[in-house]
Each structure stands twice: as structure tokens, then as C-alpha cells.
Amino acid sequence: MIEIKDLHKSYQMGSNSLHVLKGLNFSIDEGELVAIMGSSGSGKSTLLNILGMLDEADTGEYTLDGVPIKNLNETKAAKYRNKFLGFVFQSFNLINYKTAMENVALPLYYQRVARKEREEKALKYLQQVGLKEWATHLPSELSGGQKQRVAIARAMAAEPKVLLADEPTGALDSKTSYEVMDLIQKINDQGNTILVVTHEEDIAHMCKRIVHLKDGVIVEDKKVEQVRASQYV
Ligand code: ADP
Ligand code: MG
């Protein structure tokens, strides 16, 4: 589903250059649940932004679902992004003046799905994350965990090939974090490919594989032998 080869990325700041990703290689199959783990500044978000086509690597190859991602113009990149990728962020990024259902339905609007179908799908995905009763509520009326579940429903409603989550539990307390990861595990159980960026060991161990990033290199890439369930973390 995802393959990267010798990926490099530097940031230029005036005459200085910061080499952030230093030749990364891995492939991720359909249906995997992978944690990209590493301490702050190790390059996790840089990597995820490249995988999410929000940014481009300087050199190296990136193939997504068989499509080489290289030198795409913004229109084409946006098209692939909508078709292939769902995003979840630490800060939820919900629209404050729209209800939970409207937030979930929004990406479908951009996919030109008709109103009735949008609403049906939005309700279906809200139900999947256990929030159907909250459909008409605004984000300000929801807890952090509920907001993140709405954001996950929104990402899933567009039926992406890959769900990319950058520190999805970063703004949540431990118990709520485990509940959100429990939901991510359930979505993965349905066959969805998911990448979770985290700096927390316990969150990473709720995934099936951990790619450990340190100073821009992969220092470890291992299968998790005993994937933790939320009640045992
Ligand atoms: P992580 O998500 O693991 O905390 P990042 O990928 O955000 O790490 O950042 C890796 C390094 O790159 C850090 O040193 C950060 O300060 C730097 N960095 C990130 N984004 C930019 C940018 N747009 N311009 C310059 N430096 C950046
Ligand atoms: Mg980050």
C-alpha cells in the first residue's frame, strides 16, 4: 500500500540546512496498523506530511497504492489526497460552528456526494464511533475524546485507503487516549490501513508494528508480539 525508498528531507533556514529525514526505507501492506514512534523532533510529522502528500521529500521514492507520488501539481495532489488519505490530528481540527454530523459530512460535500447520502453516511460513521446521539451537537459541547472520535468518523467517511493520525492522543488524558486507540484498533480490524504517529510507548504498543524513528533514521522496525488492548495498558 505504501512504499518509501531512501527518503530524504531537509529544511532550509537562511543559509542553514536541517537534515530531518536521512534515508528512510519501509513498506506498509494493506490492513496494517503501524506506529511511527520517536521523541519530539525526530521527524515523525515531517514523514507523515510527506506520506500525506502535504509536503514533498527532497529525494527518494514514495509509492502509494501503486502510484508514484512525485512532482504532482496541487490539483492532482489534492485529488489523490481526497481519494487515498484520511487525516486525524492532535488538535482535532473540527469546524466550531458546524455540528458533529456536519463536520463528518464535509469531506463528502467536497466529493460532490448528494446531501441525503452525505447525511446518511455521516450518521453511519458517527454511529460507528459511538456518537450517533451527539450528531446535532457542536464541538464545544463535546469532550476531547468525543471530538477526536468525530474527527475519526470524518476521516473514515470519505473511505480512504490509508488513515494517517499525527499524535491522535496527544491532547487527551490516558484513559481517553486508550479509548481512542481502542476505536482505531476496531477500525483496523475491519481491514483499514492505519499509521499512528506517537511519542508514547504505551500508545505504540496498541499497534501491530512499531517503526522507531530517531534523529531522522529508522533505528528499529518490529512486529508487536503482544498488541495491547485498552483495558490492559
Ligand atoms: P516530530 O513530529 O517528531 O516532533 P518534526 O517532523 O515536526 O518532528 O520536526 C523534525 C525537525 O524538523 C525538528 O527539529 C523541527 O524543529 C524541524 N522542522 C519541522 N518543520 C519545520 C519547518 N517547516 N521548517 C524548519 N524546520 C522544521
Ligand atoms: Mg510532530
Side-chain angles (χ1 to χ4, degrees), residues 2-28 32-62 64 69-74 77-78 81 84-94 144-145 147-149 151-152 154-155 160 162-174 176-178 180-181 183-184 193-222 224:
I2 283 178
E3 191 169 11
I4 60 170
K5 278 189 191 157
D6 203 24
L7 216 64
H8 284 263
K9 175 76 181 177
S10 297
Y11 291 114
Q12 309 299 333
M13 287 166 297
S15 56
N16 292 325
S17 165
L18 183 66
H19 197 180
V20 177
L21 302 181
K22 303 169 182 167
L24 304 187
N25 295 281
F26 62 68
S27 50
I28 294 173
E32 283 203 80
L33 172 55
V34 182
I36 311 279
M37 199 182 69
S39 52
S40 177
S42 56
K44 304 183 299 295
S45 293
T46 300
L47 172 61
L48 206 75
N49 288 344
I50 292 169
L51 297 178
M53 302 171 65
L54 300 166
D55 199 358
E56 253 199 307
D58 299 329
T59 58
E61 291 171 27
Y62 170 28
L64 174 60
I69 305 300
K70 186 113 195 160
N71 302 327
L72 300 176
N73 61 38
E74 186 43 42
R81 218 180 287 129
F84 288 136
L85 303 164
F87 293 92
V88 174
F89 301 98
Q90 175 172 346
S91 50
F92 322 126
N93 294 10
L94 298 177
K147 281 184 214 171
Q148 196 57 299
R149 279 149 65 195
I152 291 170
R154 176 182 58 187
V162 181
L163 181 65
L164 302 172
D166 194 349
E167 308 262 10
T169 64
L172 305 174
D173 62 65
S174 299
T176 312
S177 294
Y178 302 146
V180 164
M181 284 307 296
L183 175 62
I184 285 177
T193 313
I194 307 179
L195 262 74
V196 177
V197 159
T198 183
H199 62 270
E200 291 171 296
E201 190 98 33
D202 51 350
I203 297 298
H205 277 90
M206 292 182 77
C207 299
K208 294 174 178 166
R209 172 179 165 196
I210 300 176
V211 175
H212 192 161
L213 210 57
K214 193 173 179 183
D215 301 328
V217 294
I218 294 173
V219 289
E220 189 178 37
D221 183 346
K222 66 172 184 192
V224 177

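In each ligand, atom 1 is the first atom listed, and ligand 1 is the first ligand listed. No hydrogens, no waters, no symmetry mates; every other heavy atom, side chains included, goes into these values. It should be emphasised that the depicted structure is a prediction, and the values quoted were computed from it without experimental measurement.
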Show your working on side chain to side chain contact (heavy atoms under 4.5 Å, CB included) between N25 and I4 and close with a plain yes or no. CA-CA 5 Å; N25 295 281; I4 60 170; 5.6 Å; no
Write out the residue and atom name of the closest protein heavy atom to atom 7 (O) of ligand 1, then the distance separating them to 0.1 Å. S45 CB, 3.7 Å
For atom 16 (O) of ligand 1, is the nearest protein heavy atom under 4.0 Å away? no
Among all protein heavy atoms in this structure, tell me which lies nearest to atom 6 (O) of ligand 1, with the distance rounded to 0.1 Å. T46 OG1, 2.5 Å
Quiz question: by atom type and distance under 3.5 Å, do the side chains of N49 and T46 form a donor-acceptor pair? no
How far is atom 27 (C) of ligand 1 from its nearest protein heavy atom, and which residue and atom name does that atom have? Y11 CD1, 3.2 Å
Can you tell me if, anywhere in S40, an N/O/S atom lies at a distance from the Mg ion (ligand 2) that is smaller than 2.8 Å? no
E201 atom CD, over 12 foreign heavy atoms within 6.0 Å: no
Going through the distances and angles, do K5 and Y62 end up as a side chain to side chain contact (heavy atoms under 4.5 Å, CB included)? CA-CA 7 Å; K5 278 189 191 157; Y62 170 28; over 6 Å; no
When you measure from the side chain of S177 to the backbone N and O of D173, does any donor-acceptor pair fall under 3.5 Å? yes
Atom 4 (O) of ligand 1 has as its nearest protein heavy atom G41 N, 2.7 Å
Using a 4.0 Å heavy-atom threshold (strictly under), name the region of V20 that reaches ligand 1: side chain, backbone, both or neither. side chain
Check ion pair D221-R209 (N to O, under 4.0 angstrom): yes
Does even one non-hydrogen atom of S39 get within less than 4.0 Å of ligand 1? yes
Part of L18 with heavy atoms under 4.0 Å of ligand 1, whether side chain, backbone, both or neither: side chain
With a 3.5 Å cut-off and no angle check, do the side chains of D202 and Y178 form a donor-acceptor pair? yes
Nearest non-hydrogen protein atom, atom 8 (O) of ligand 1: G43 N, 3.3 Å
